[in-house]
Amino acid sequence: SHQTLSPPPPHPTQTMGAQVSRRYKYGIRPKKYFRTKIMPQMKETFGILDFTYVHAYQLFKAFIEIDFDNSGEITVEEFHKFLGLKASRFSERIFGILDLDESGS
């Protein structure tokens, strides 16, 4: 069955993974940024992928853990730092596969 992408009702015991306490772009807390900026842009895509709101938010939280400078993009340096890797031809090639627009981030 298809699940809606509306935010789930708040529940004090519900957890969605590690809490991201820092502010994200424009000084907005991640939960609000996701709800007001990401969901309006990505709702159709998340629906096509059959992501629930919770799953989509978990993916966003993982993304911002890697996006150290809050730029909205993951650079090759952030990729290496997050994974604890030294840059190598192999790791840069893996990043290149993920870098669909070939922008380096």
Side-chain angles (χ1 to χ4, degrees):
S1 69
H2 187 70
Q3 298 180 359
T4 181
L5 285 175
S6 299
H11 189 278
T13 61
Q14 181 181 26
T15 60
M16 292 192 285
Q19 295 298 315
V20 179
S21 60
R22 69 181 171 95
R23 293 188 181 270
Y24 193 53
K25 293 179 78 172
Y26 315 110
I28 302 172
R29 295 236 179 253
K31 188 177 269 188
K32 182 177 180 182
Y33 188 86
F34 179 77
R35 186 180 69 249
T36 62
K37 305 286 186 189
I38 301 299
M39 277 306 295
Q41 294 175 11
M42 299 294 295
K43 188 172 186 171
E44 183 178 348
T45 301
F46 290 145
I48 290 168
L49 296 171
D50 203 26
F51 278 26
T52 65
Y53 184 90
V54 171
H55 290 131
Y57 182 63
Q58 288 174 332
L59 181 62
F60 174 69
K61 287 193 316 182
F63 177 86
I64 65 174
E65 286 180 27
I66 301 169
D67 182 19
F68 295 109
D69 65 0
N70 295 341
S71 66
E73 297 183 334
I74 297 172
T75 64
V76 69
E77 292 82 12
E78 289 169 326
F79 175 76
H80 287 114
K81 181 177 177 181
F82 181 78
L83 295 175
L85 298 173
K86 291 183 179 181
S88 68
R89 290 176 61 194
F90 177 74
S91 66
E92 289 182 5
R93 179 67 184 128
I94 295 299
F95 182 83
I97 291 169
L98 301 172
D99 184 19
L100 298 178
D101 66 359
E102 298 178 358
S103 67
S105 56

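Owing to the predicted nature of the structure, the values given are computational and were not obtained by experimental measurement.
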**Asked** How long is the span from the CD atom in E92 to the CD1 atom in I97, to the nearest 0.5 Å?
**Response** 12.5 Å
**Fill in**
Rounded to the nearest 0.5 Å, the CD1 atom of I66 sits from the CD atom of E73 at a distance of 13.5 Å
**Prompt:** Do I28 and K37 pass the side chain to side chain contact (heavy atoms under 4.5 Å, CB included) test, and can you show the C-alpha distance, the side-chain angles, and the key distance before you say yes or no?
**Reply:** CA-CA 10 Å; I28 302 172; K37 305 286 186 189; 4.2 Å; yes
**Message:** Are the side chains of M39 and R35 in contact, using a 4.5 Å heavy-atom criterion?
**Reply:** no
**From F51 atom CZ to Q58 atom CD, the distance as rounded to the nearest 0.5 Å** = 10.0 Å
**Message:** Other residues, nucleotides and ligands only: do more than 12 of their heavy atoms fall within 6.0 Å of NZ on K25?
**Reply:** yes
**Fill in**
d(M42 CE, I48 CD1) to nearest 0.5 Å is 9.5 Å
**Request:** List for me each residue that meets ring pair (Phe, Tyr, Trp, His ring centres under 6.0 Å) alongside F79, sequence neighbours excluded, and say none if there are none.
**Result:** F95
**Prompt:** Does the gap between the ring centers of F60 and F46 come in under 6.0 Å?
**Reply:** no
**Request:** Ignoring hydrogens and angles, tell me if any N or O in the side chain of E78 forms a donor-acceptor pair with the backbone of D69 under 3.5 Å.
**Result:** yes
**Message:** According to side chain to side chain donor-acceptor pair (under 3.5 Å), who are the partners of S88, at least two apart in sequence or on a separate chain?
**Reply:** S91
**Asked** In Å and rounded to the nearest 0.5 Å, what is the CD1 to NE2 distance from I74 to H80?
**Response** 12.5 Å
**Item:** Nearest heavy-atom neighbours spanning G72 and D67
**Value:** N-OD2, 2.8 Å
**Request:** Assert yes or no for the condition that the ring centre distance of F63 to F34 is strictly below 6.0 Å.
**Result:** no
**Item:** Closest contact, heavy atoms only, E65 versus F82
**Value:** O-CD1, 4.0 Å
**Complete:** Here the gap from I38 atom CD1 to Y24 atom OH, rounded to the nearest 0.5 Å, amounts to 7.0 Å
